[in-house]
Amino acid sequence: MTTGIDVAVAAIPLLLAGILLVGFLWPATRAMPIAWVAAMGIGYAAWNMPVNWLLAASAGGFMTAIEILWIVFGALVLLYTLMEAGAFDRINQGFATVSDDRRVQIVLIAFFMATFIEGAAGFGTPAAVVAPLLLGLGFPALAAVVAGIIGHIIAVTYGAVGTPIVVGIQNPMESVEFTRTAIQDGGMTVQEFSVNVAAWAATYHALVGFVMPLFAVGMVVYFFGDPEDRSLKPAWEVAPLCIASGIAFAVPYWISAWFLTAEFPSLIGSMVGGTIILTVLRAGYLLPDDEWEFPEREKWADHWVGTIEPGQSNGSNGGSPEAQAADLSGDEDMSLFKAWSPYVLLVILLVVTRAVGPISDFINRDIFIVSWGNILGTDLTGAVAWMNVPGFWLLVSAVLAIPIFSMSGQEIGDAWKEAGRKIVSPFIALVFVIAMVQVMLQSGAHPGNTPGGVSMIVLLAQTTADILGVAYPAFASLIGALGAAMAGSNTVSNITFGAFQFEAATQLGLPRTIIVGAQAVGGAIGNLVAIHNLVAALATVGLLGQEGRVMRLNLIPLLYYATGVGLLCLLFSYVLFPGVF
């Protein structure tokens, strides 16, 4: 029999993490080890977890973290390889020279470029890369950050080649007995369940997020236009371009999620949609009649700009968009196809290794899987399929890029070193946050557990379901957003709250794929106000200290997105698809 005290005790690790991360603005590298220690203490004292179970759950979390970091490292190596080769600047130059209109640049760079980078690398990379590009083109630093963060949100659920779904949903559901058994009893494998979750998440995103290009443009023109004449009129002037861009992205994105795998939606949506819109713009269609520009420099508020002057990022020559774009061109003789080719190769490799049966079977052989069964004498297991996960193929693509771009040893070394430096903080944070969640998830798996014979996560989910009742679907995405806002990661939010949402849906008799799909979307929109992402983006434009201001501005698209997804989740759960698993 559980009590209110049991619920309060179960919530301590999550509350402690939230207080330290959001209240005290501690970095995750400091906050998450403390939250893990709290989970270990509660597991031992209140849930009667033996020491070997506590250590085994933590070890399983460590192996999951290694798998995530293997993907992130590969994604960063490939990204920095293209940067060192000048290919990334060539790609950006292809976008930047289409139009001098700032609204068009937002659509092409802050939406299409940012969603592509999110699909390829994830983990806060898009805004940190796109914001300085926009700054270099003459955007106020604060506007560059706001546009970059808003622009990539629709892609976050499938970031780093599907990591939030594959690692954030599939792996934890497989590792926990109550979710694995319930899914199998429903006639699905856990992999099939995660694919369905990815598809429903894409449905929410497509129906709500296709207006995000217009949202990004509207936020910039209203808050960073002429302070004496604030208006959304300039945004409405490019509404056809924005809506067309959103649809051009959303359609291939949605098709990919339903009929391919969770690894490709953001990559395919950005590549196909971006190609369509670039072609249309170059043909002279959808371009605005008049070019919109920021007000004169003397009218800018002091908080718009930090230590790096717009147009002079990284020592550029500054000045006009044309001049800055010339600086960003890298190798001027490099074709756009050549610049994009490593990512084209990546998509081909991932499709072949997943769609061609003999190849898929080969790379999933035991020899290519590092596994640990019956960890420390428990029933818990852990595994890292190092060749099957996208990290391996990202590194293969990075190696293949070396002869494509005739890179020097210095350039190769610099790319790998930079990726290595960037992985240190995520390594510490991920290891402890996933270990904490695994302790909370597995606290109900060992013999003789208390209270109530359920884990901390299940107890919290049951209590939340009892409190919210039939209104639960309206809040499912906000729960996911809370997790991402605390941890700065859609993947971590899914690991933390995926089983929570599954159990709550089970308790209330709601469609579990639809509810967990809303969780996956919530984990994306929480990145709008995740302090870690804001700090990373603001640091690249010399504007640290404005996190609160960006957070307040980004609450506008967050509330829109959460409201839209909440209403759709209610509609799907009770009216349109109540019989879905």
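Reckoned from all heavy atoms, side chains included, excluding hydrogens, waters and symmetry mates.
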Side-chain (T496) to main-chain (G483) donor-acceptor, under 3.5 angstrom: no
Heavy-atom side-chain contact between W393 and V396 under 4.5 Å: yes
Check: L528 and L555 side chains under 4.5 Å, non-hydrogen atoms: no
Parallel, tilted or perpendicular: ring planes of F112 versus F249, cut at 30 and 60 degrees: tilted
Flag, side chain of R90 to backbone of M334, donor-acceptor distance under 3.5 Å: yes
Side-chain donor-acceptor contacts of residues 278-292 below 3.5 Å, not counting sequence neighbours, with atom names and distances?
unit_1	atom_1	unit_2	atom_2	d
T279	OG1	T275	O	2.7
R282	NH2	G94	O	3.1

By side chain to side chain contact (heavy atoms under 4.5 Å, CB included) - contacts of L207 (at least two apart): T203, L568, F572
Aromatic ring proximity, centroids under 6.0 angstrom, F368 and F362: yes
Among Y561, F210, Y560, Y222, ring pair (Phe, Tyr, Trp, His ring centres under 6.0 Å) partner for F215: Y560
Output side-chain donor-acceptor pairs under 3.5 Å for residues 71-85, partner residues at least two apart or in another chain, one line each.
unit_1	atom_1	unit_2	atom_2	d
T81	OG1	V77	O	2.6

Side-chain heavy-atom pair F193, Q170 within 4.5 angstrom cut-off: no
P310 to P140 - nearest heavy-atom pair and separation: CG-CA, 4.2 Å
Heavy-atom neighbours of R421 CZ exceed 12 at 6.0 Å: yes
Q191 atom CD, over 12 foreign heavy atoms within 6.0 Å: no
Note, F111 side chain near I106 side chain (heavy atom, < 4.5 Å): no
Side chain proximity check, V516 to W200, heavy atoms < 4.5 angstrom: no
Minimum side-chain heavy-atom gap V145-L543 below 4.5 Å: no
Y158/Y253 aromatic ring centres below 6.0 Å: yes
Side-chain donor/acceptor of S270 to backbone N/O of S266, under 3.5 Å: yes
Closest non-hydrogen atom pair, I149 against I153: O-CG1, 3.2 Å
D101 and Q105 side chains, donor-acceptor separation under 3.5 Å: no
Whether T563 side chain and L559 backbone form a donor-acceptor pair below 3.5 Å: yes
Under 3.5 Å: donor-acceptor pair, side chain of Q501, backbone of A476: yes
Ring center gap for H152 and F116 short of 6.0 angstrom: no
